[in-house]
There are 2 protein chains.
Amino acid sequence: MLLSKTSEYGIRAMLHLAGIGGDEYVPVKKISQTLNISFHFLTKIFQQLARAGLISSYRGPNGGVRLEIDASKITVKAVVVALDGPDLFTQCVLGLPGCTEDRPCPLHSHWITSRKEIETMLGQKTLAEIGSDLRSGGYRLTAGAEWTDA
Amino acid sequence: MLLSKTSEYGIRAMLHLAGIGGDEYVPVKKISQTLNISFHFLTKIFQQLARAGLISSYRGPNGGVRLEIDASKITVKAVVVALDGPDLFTQCVLGLPGCTEDRPCPLHSHWITSRKEIETMLGQKTLAEIGSDLRSGGYRLTAGAEWTDA
DNA sequence: CGTATTTCCGATAAAATTGTCTTAAAACTG
DNA sequence: CAGTTTTAAGACAATTTTATCGGAAATACG
């Protein structure tokens with residue numbers, strides 16, 4: 001698998017927030033129910049995202065989480081790096097440390113190409129764009145049959 | 001991480017066999033020492049590869065494992081599929097079941113592109129090619145400082 | 001102030017992955 | 001046949017990932 005469950009959930013939740021738009025705090029409980037993700041697990045994911053500065057949180061009634069910086073400045077890659085770390089974008093496909101042009105594994109040059117492709121894709125796609133896509137309909141963020149979970 | 005440790009080890013071991021060339025049985029113990037991989041763990045990996053028909057094994061003195069079909073007919077993708085299953089080449093990047101053109105996640109079309117790129121890369125690269133690369137030198141399959149582990 | 005809401009945080013548990021150990025079975029050697 | 005080498009296979013342990021639980025702290029509201 002490319003991404004951990006943590007990243008999968010984190011991305012879905014962030015895209016959901018982007019789809020909602022606005023700057024109001026949304027309770028994690030509500031998000032977890034909408035996306036069908038374990039509440040406590042999602043809570044911890046948002047704590048990581050908060051430490052990374054991507055969201056802010058607020059306690060008490062009317063509290064919850066919201067995007068901290070502008071959605072047009074948050075990429076999917078930033079979410080992955082905040083949750084899974086940068087390894088996906090830096091590491092050797094065979095797990096060899098220090099796999100470089102100088103001391104490459106046999107797949108090095110080929111993997112670099114694919115890796116860059118992934119990095120570019122995730123690094124270009126902003127939450128703003130995807131939020132807009134979600135609001136225009138036709139996309140889903142859950143396993144269910146529902147249409148558009150903005 | 002893209003691949004499991006099982007696949008990382010399995011690929012390294014298969015590339016190593018391809019680099020050696022010939023049709024003699026190579027003891028797993030020797031391979032595990034050369035590549036610095038746990039012997040028992042590697043043994044199980046080879047058992048999976050044997051069940052998948054990619055290698056054959058032989059017990060007793062002068063026994064070991066060897067490629068079962070021609071190295072030019074084994075791709076790195078085949079090794080990954082034998083060990084990790086086909087999920088990497090079929091699944092949604094967000095883990096949503098049944099993510100298709102009809103009911104796509106917001107990253108669907110973009111991920112398809114990257115996924116195909118990876119699949120093509122791993123599906124084109126045969127053990128024969130890489131074995132030849134290894135024998136020509138300049139590549140490594142271990143963490144150490146050694147040069148070319150053919 | 002008291003209560004309800006909601007995040008924060010630590011403890012714990014379940015599951016999957018990774019790694020180790022032990023014994024059995026097969027095959028060669030002398 | 002006895003002894004050695006080597007894979008096969010199952011049990012077991014360690015680690016990491018994923019998931020659950022319970023209470024503490026902050027905030028709002030009446």
Side-chain angles (χ1 to χ4, degrees), chain A residues 1-13 17 24-68 80 82-85 87-88 91 94-95 143, chain B residues 1-13 17 24-68 80 82-85 87-88 91 94-95 143:
Chain A
M1 283 297 83
L2 190 78
L3 304 174
S4 66
K5 284 287 170 196
T6 297
S7 272
E8 286 181 7
Y9 294 163
I11 294 171
R12 285 170 57 204
L17 278 179
E24 292 189 356
Y25 286 104
V26 183
V28 176
K29 180 136 246 158
K30 196 172 173 192
I31 301 174
S32 75
Q33 286 166 347
T34 305
L35 299 184
N36 205 27
I37 299 171
S38 150
F39 165 66
H40 280 96
F41 196 34
L42 189 54
T43 283
K44 298 205 169 157
I45 292 172
F46 273 121
Q47 283 166 25
Q48 288 187 66
L49 293 171
R51 281 184 221 110
L54 296 182
I55 64 142
S56 62
S57 60
Y58 200 79
R59 293 200 249 203
N62 307 319
V65 296
R66 72 176 180 197
L67 300 185
E68 176 64 3
V80 172
L83 295 175
D84 277 355
D87 284 5
L88 176 62
Q91 286 257 313
L94 296 184
Chain B
M1 283 300 81
L2 190 77
L3 303 175
S4 67
K5 284 286 170 196
T6 297
S7 272
E8 285 182 8
Y9 295 162
I11 295 171
R12 285 171 58 204
L17 277 180
E24 292 189 355
Y25 286 105
V26 183
V28 177
K29 181 134 246 157
K30 196 173 175 191
I31 300 175
S32 76
Q33 286 166 347
T34 305
L35 299 183
N36 205 25
I37 298 172
S38 150
F39 165 67
H40 282 97
F41 197 33
L42 189 54
T43 283
K44 299 204 171 159
I45 293 172
F46 272 122
Q47 282 167 25
Q48 287 188 66
L49 293 170
R51 281 183 220 111
L54 297 181
I55 63 143
S56 63
S57 60
Y58 200 78
R59 293 199 248 204
N62 306 317
V65 296
R66 71 175 180 197
L67 300 186
E68 176 64 4
V80 172
L83 296 174
D84 277 355
D87 283 6
L88 176 62
Q91 287 257 311
L94 297 183

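Here is how names work: the chains are called A, B, and so on, in the same order as the sequence lines, proteins then strands, and each is numbered from 1.
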- prompt: What's the CD1-C1' distance between B:Ile31 and D:dT5, to the nearest Å?
  reply: 15 Å
field: N/O (side chain, A:Ser57) to phosphate O (OP1/OP2, C:dC8) under 4.0 Å
entry: yes
field: Test side-chain contact (heavy atoms from CB on, under 4.5 Å) applied to B:Lys44 - qualifying residues, sequence neighbours left out
entry: none
field: Nearest-nucleotide comparison on DNA chain D, the residue closer to the 5′ end among A:Asn62 and B:Gly63
entry: B:Gly63
field: Minimum side-chain heavy-atom gap B:Tyr25-B:Asn62 below 4.5 Å
entry: no
message: Given D:dT18, D:dA9, C:dC28, identify the nucleotide with an atom nearest to the side chain of B:Gln47.
response: D:dA9
- prompt: NZ of A:Lys30 versus C1' of C:dT5: gap in Å, rounded?
  reply: 14 Å
task: Taking atom CG of B:Asp87 as the centre, report whether more than 12 heavy atoms of other residues, nucleotides or ligands fall under 6.0 Å from it.
output: yes
field: Sugar-phosphate or base contact per nucleotide [nucleotides 20-27 of chain D; S, B, -; heavy atom under 4.0 Å]
entry: BBB--BBB
query: What is the distance, rounded to the nearest whole Å, between atom CG of A:Leu83 and atom P of D:dT18?
result: 11 Å
task: Could you tell me whether the side chain of B:Ile31 reaches within less than 4.5 Å of the side chain of B:Val65, counting heavy atoms only?
output: yes
Distance-only donor-acceptor hits, side chain of residues 45-53 of chain A, under 3.5 Å, sequence neighbours excluded:
none

- request: Mind calculating the distance between CD1 (A:Ile45) and P (D:dT18) to the nearest angstrom?
  value: 9 Å
- prompt: Is A:Thr6 near enough to D:dT17 that one of its side-chain N or O atoms lies under 4.0 angstrom from OP1 or OP2?
  reply: no
query: How many Å lie between NZ on B:Lys5 and P on C:dG19, as a whole number?
result: 7 Å
- request: Output the distance between atom CG (B:Leu35) and atom OH (B:Tyr9), rounded to the nearest 0.5 Å.
  value: 11.0 Å
Between P of D:dT18 and CG of A:Leu3, the distance in whole Å: 10 Å
message: Rounded to whole Å, how long is the line connecting atom OH of A:Tyr25 with atom P of C:dT5?
response: 20 Å
field: Protein-nucleotide distance (A:Met1, atom CE; C:dT18, atom C1'), rounded to Å
entry: 18 Å
- prompt: Do A:Thr6 and A:Phe41 have side-chain heavy atoms sitting under 4.5 Å apart?
  reply: yes
